[in-house]
Amino acid sequence: MSTNQTVDLRSDTVTRPSPEMRAAMANAPVGDDVWGDDPSVKELESAVAHRAGKAAALFFPSGTQSNLAALMAHCERGDEYIVGQGAHTYRFEGGGAAVLGSIQPQPIEHDADGSLPLGKIRAAIKPIDPHFARTKLLALENTIGGTVLDPAYVEAAGALARSAGLAFHLDGARAWNAAVAGGLTIAEICRPFDSISLCFSKGLGAPVGSCLVGTPELIAKALRWRKVLGGGMRQSGILAAACLYALDHNIQSLAADHAMARRLAEGLHGIDGITVTQAATNMVMLHVDAPMLKPLASALQGANILAAVSPQMRLVLHRDIPQNGVERTLDVFSAVSRRAA
Ligand SMILES: *Cc1c(COP(=O)(O)O)cnc(C)c1O
């Protein structure tokens, strides 16, 4: 292997299917899933439902669509969902709930640990009155910015949602990371929620694919919305096979991504001009002093390391980071810092 292999720290979505995963895809039995005929999709949906401890699951081409179908299954036109200001389902999904679902988001500020303060949630729930949108759903995200939500907090938020008659949704794009980091099963992470969206295309290394899990009634509604949103796929068993492969082989190894993130964060801690603001699961957030920004961008580029350089940076570790990737990254950061001093 070349010592100058690309180190892509932009996201864990850049992971590519391994040869073994590709072989599983090539050999997958398939059928027309819109007709309910694809055995690999069925196998994935039942495996994921079982693993998540829910009765039903539905395969989606993306997490954005899985989240949106969930919001549309829980809420009707004129309803609203309470969500974090920085949450993917509010900030990074093109306003889909409003655009396509006629559902109003009620964003609230996160605490530093990514949680939504219970008092703020309570204050955001609107009385039943023609002046107000009908508050129907509380949506959390775990992990959020790499941080694992405290299970006791999730429990309390769920109790609050239930007591107010709200449904409770989790954007669990990286819930697998939360489970591995916390030594919990995915079912334990999912248990407090009515619906959970789980992604295979992040650190698990599948090319595409997400599953929504929940009750059969909710999944039946989501199936209808998936069709409306253009997410009905035909021989999608080829994709489901990649996710099944990931489910069987790529979950426990997320611990290696977390270990790389810790090593990177520890190394960055000692570097002048860099402040690590957060490091959890597979992500490291840092502040870069202004004079270092330009030299850092060109040094990283010169070293074949991909990262979005900005005053507040995010570095993401994953299974396709080459062996010496963390050390090469630290070398570049230290060299730039020394030159700036
Ligand atoms: C990636 C991601 C999603 C879904 O993204 P897609 O690219 O549509 O699969 C949803 N939520 C979070 C937190 C994510 O990181």
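A quick note: this is a predicted structure, and the numbers were derived from the prediction, not measured. Numbering of ligands and ligand atoms starts at 1, following listing order.
- Using a 4.0 Å cut-off between a side-chain N of Lys or Arg and a carboxylate O of Asp or Glu, Asp33 and Arg226 qualify as a salt bridge.
- In this structure, ligand 1 sits under 4.0 Å from heavy atoms belonging to Ser62, Gly63, Thr64, Asn67, His88, Glu93, Glu141, Asp171, Ala173, Arg174, Lys202.
- The hydrophobic cluster containing Ile103 also includes Leu68, Leu71, Met72, Tyr81, Val83, Tyr90, Val99, Leu100, Leu137, Trp225, Val228, Leu229, under a criterion of side-chain heavy atoms closer than 4.5 Å among ILVMFWY residues, counted directly or through chains of members.
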Kindly list each side-chain donor-acceptor pair under 3.5 angstrom involving residues 16-26, sequence neighbours excluded, with atom names and distances?
from, atom 1, to, atom 2, distance (Å)
Ser18, OG, Glu20, OE1, 3.3
Ser18, OG, Met21, N, 3.1
Arg22, NE, Pro17, O, 3.4

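- Under a 4.0 Å N-O distance rule, the pair Glu266/Arg263 does not qualify as a salt bridge.
- Of all heavy-atom pairs between Thr147 and Asn142, the closest is O-OD1, 3.8 Å.
- Other members of the cluster containing Met285 are Met283, Val316, with ILVMFWY side chains joined at under 4.5 Å, either directly or via other members.
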